[in-house]
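Reading through the structure tokens given below for one structure.
Chain naming here is simple, since letters A, B, ... match the order of the sequence lines and numbering starts at 1 in each. Bear in mind that the values here come from a model prediction, so they are computed numbers and not experimental data.
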Amino acid sequence: MFAPIYTAFVVFFLSVSAFAAAPVSDIGDQKGSTTTNTTNVVVPQVPPMPAQAPANDSYYQMQLMQDEVRTLRGMIEELNNEIRQLKKRQMDDYMDLDRRLSALLSGQGGQASSVAKNVGSTGKEISSKPSNSTFGQASSTSSSTTAERDQYNQAYEQLKAGKVAEAVTQFKAHIAKYPNGRYVANAHYWLGEIYVLQNQLESARQSFTTVVEKYPAHRKAPDSTFKLGQVYFMMGNKAKAKEFLEKAAAGTGNAARLASSYLEENF
Amino acid sequence: MRKSGITGICLLMLLCSVAVFPLTASAELTIEITQGVDNPTRIGIAPITRDGKSLPEDVSKIVSADLQRSGLFRPIPRRDMLSFPATTKEVYYRDWRILGAEYLVVGKTTHRGGIYEITFSLLEVHSAKVVFTKVVKGSNTQLRDLAHYISDEVYLAVTGIPGAFSTRVAYVTAAPFNGKMRFRLMVSDVDGARERLMLESKEPIMSPAWSPDAKQLAYVSFETGRPAIFRQDLATAKREQLTNFRGLNGAPSWSPDGRQLALVLSKDGNPEIYTFDLQSRRFTRRTKHFAIDTEPNWTPDGKSLIFTSDRGGSPQIYKLGIASGSVERLTFRGSYNARPRLAKDGRTLVMVHRDQGRFHIASQDLVTGDVRVLTQTYLDESPTVAPNGAMLLYATKKGSKGVLAAVSLDAGVKFFLPARFGDVREPAWSPK
């Protein structure tokens with residue numbers, strides 16, 4: 001066990017240092033070379049100290065430094081390990097997500113037909129999806145899905161960084177490039193948000209409507225429904241506003257809560 | 001002058017140790033099982049006799065005890081048995097079905113020219129089938145070996161894991177003798193029987209380690225007044241002192257090819273890991289760090305050493321590539337991980353792990369990184385893994401007494417091997 005060995009070592013170290021007491025006193029003039037021999041720490045050649053005391057002091061200093069180095073080393077090792085684990089987890093999470101999304105997209109044939117019945121007018125566009133590129137994209141090379149994700153992320157990063165104009169261009173480019181991609185709904189939603197900020201209410205209305213009508217099952221759909229209600233309210237169309245807000249409030253989650261409080265405040 | 005004094009002591013000790021006392025009294029170690037698996041296999045072991053006459057050793061009782069100790073079996077007590085078949089033909093399966101036996105072992109012995117020959121069979125009770133029939137031979141003194149061989153074969157056939165009943169354990173006992181501590185290095189069968197004294201000393205004996213062929217032991221003895229590493233042949237009891245450096249000489253560990261020892265020396269200032277080539281007698285320094293590096297142990301491929309170091313501020317386990325010299329930290333859970341030992345799969349690391357101020361034995365899967373605390377006792381130390389990787393032995397405290405305990409690597413089976421007197425510590429499970 002470590003502790004007994006450690007204590008044994010301490011005992012020995014004490015006895016050894018007692019033994020070596022005589023040589024230590026004349027270490028003063030050749031200190032540099034002695035210390036480099038016993039450890040592998042490169043100690044700069046310090047000019048001979050005038051007094052005896054500073055020699056002990058520098059030994060003490062070295063002890064402190066060694067302790068500090070050990071502590072730092074331990075921290076680095078632990079951080080490295082944490083990074084390694086995070087990287088691995090991130091990869092695992094991504095692989096998992098990717099697998100689930102692919103499964104979802106390839107299973108959309110059955111889903112889309114049920115969606116088509118509900119949505120009516122937009123049903124045609126959705127049901128046409130599996131037959132053209134989405135399915136192909138999802139199951140084709142992963143590099144194209146990575147590129148798609150990267151481009152979306154880039155646009156989103158621009159938005160987070162406050163570069164609104166660039167974000168608009170990139171979201172639009174993303175929608176143009178991957179019209180049936182997996183992030184299109186998100187792109188429309190963020191465009192809508194940006195338009196609201198810029199007070200371009202008609203554009204905002206169009207973006208949110210796209211999400212609500214084309215992607216009713218999407219994660220962003222409830223948010224979009226609420227936002228659409230807000231946009232109609234700002235445009236002065238209270239009837240439409242109420243319709244969408246009530247629809248959003250009937251749902252669950254954050255959007256529903258926001259919608260009901262918005263309704264309470266304004267109607 | 002000083003040197004001659006040391007050689008004098010050495011000689012004296014050598015003389016003492018050459019006289020290996022075979023203890024005629026029964027074993028110092030007794031076993032009590034504290035935890036077994038939920039649903040152990042019921043097995044009947046019919047008495048193995050020589051035409052109805054009992055053998056010098058009760059072979060079937062030894063087999064029964066072996067299997068019971070593994071925790072995976074529940075042997076049927078002899079007094080419950082309805083019949084004592086000796087061959088497969090004599091087996092009346094209904095007798096055993098009534099008792100709920102899933103398996104049955106029968107055997108008979110012939111004795112010719114001082115050699116015992118046991119023919120034994122394993123039978124499956126429900127399907128009334130013979131799994132195997134084997135023959136094993138040995139002399140009067142080897143009857144226990146024959147019994148352990150039978151246990152190994154039965155264990156392998158039923159569980160699919162090679163048994164470790166034929167292995168031995170080396171350990172150190174400390175007991176007061178005439179008011180002074182007396183240290184003894186002992187080797188016994190893994191069931192505690194046939195205990196043999198290897199060395200007796202007034203000074204501490206530490207860190208016994210088996211050679212890979214299980215024919216020699218290396219250990220640390222303080223008999224010269226300071227720690228020195230010795231090796232000793234089990235058959236001849238001949239000893240050789242390997243190190244005599246100032247400071248720490250400790251924690252020997254044999255390389256898998258048996259040609260080198262990894263050990264700890266503090267001759268260059270602080271404890272560092274060295275390897276010692278037994279042929280060329282050359283020491284090679286393997287670690288260079290101002291922190292303490294200790295407790296080296298080889299990976300099964302012989303290419304790396306795992307060791308304990310506090311170079312990161314707290315004792316943790318590191319792996320050193322011998323060719324590359326690169327050092328990699330292996331343990332990250334907890335602020336104290338020490339005394340590493342690797343199972344033969346090279347993947348399961350066992351160690352002393354501090355958990356909420358208590359020292360437990362834990363295992364870590366080196367591939368997934370999962371850590372598992374295996375023991376509930378405290379002040380646990382010196383884990384050593386069975387060659388089949390199914391169990392480990394460790395030293396712990398029971399009351400104020402140092403005892404050996406065993407736990408399976410899935411933590412399902414636990415038992416103590418308490419000594420009848422004195423403290424037992426530092427177990428080392430033989431590699432075969």
Side-chain angles (χ1 to χ4, degrees), chain A residues 1-21 23-24 27 31 33-43 58-89 91-92, chain B residues 204 206-207 220 222 226-227 246-251 264 266-272 287-295 307-318 327-333 335-340 351-352 354 359 368-369 379-383 394-395 425-426:
Chain A
M1 206 161 132
F2 196 79
I5 288 185
Y6 187 87
T7 36
F9 167 65
V10 170
V11 169
F12 277 103
F13 184 76
L14 288 177
S15 62
V16 166
S17 59
F19 226 78
V24 164
I27 262 172
K31 174 174 54 71
S33 58
T34 335
T35 36
T36 31
N37 277 348
T38 48
T39 74
N40 277 302
V41 179
V42 181
V43 177
S58 66
Y59 178 72
Y60 175 67
Q61 288 291 336
M62 201 180 73
Q63 290 280 31
L64 284 184
M65 299 264 272
Q66 288 189 343
D67 283 352
E68 185 69 13
V69 168
R70 282 168 53 216
T71 311
L72 289 173
R73 186 193 168 102
M75 284 163 69
I76 290 169
E77 286 168 346
E78 273 150 31
L79 287 172
N80 267 340
N81 181 54
E82 225 158 283
I83 288 169
R84 200 163 52 224
Q85 282 182 335
L86 285 174
K87 271 186 180 164
K88 190 177 171 296
R89 189 184 309 160
M91 193 63 192
D92 289 350
Chain B
M206 285 166 73
S207 312
V220 178
F222 284 64
R226 64 182 183 205
R246 204 177 68 178
L248 212 66
N249 297 246
V264 178
S266 67
K267 66 188 180 79
D268 296 332
N270 76 328
E272 299 285 358
T287 58
K288 293 186 172 72
H289 202 281
F290 55 80
I292 293 170
D293 296 324
T294 184
E295 302 171 335
F307 63 99
T308 311
S309 175
D310 71 343
R311 57 182 64 195
S314 65
Q316 295 292 346
I317 292 156
Y318 292 79
V327 172
E328 178 199 353
R329 180 162 157 185
L330 299 178
T331 53
F332 294 94
R333 269 232 344 235
S335 60
Y336 184 106
N337 290 295
R339 233 323 273 266
M351 60 204 173
V352 178
R354 188 172 58 201
F359 293 98
T368 64
L379 288 176
D380 301 342
E381 54 183 35
S382 311
Y394 63 99
R425 50 178 83 144
E426 307 227 34

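- Within residues 79-88 of chain A, the residues having any heavy atom closer than 4.5 Å to a heavy atom of chain B are A:Asn81, A:Arg84, listed by residue number.
- Of all heavy-atom pairs spanning A:Arg73 and B:Arg311, the tightest one is CD-O, 3.2 Å.
- Counting only heavy atoms from C-beta outward, the side chains of B:Tyr318 and A:Glu77 approach each other to under 4.5 Å.
- Scanning all heavy atoms of the two residues, the minimum distance from A:Arg70 to B:Ala291 falls at CD-CB, 4.1 Å.
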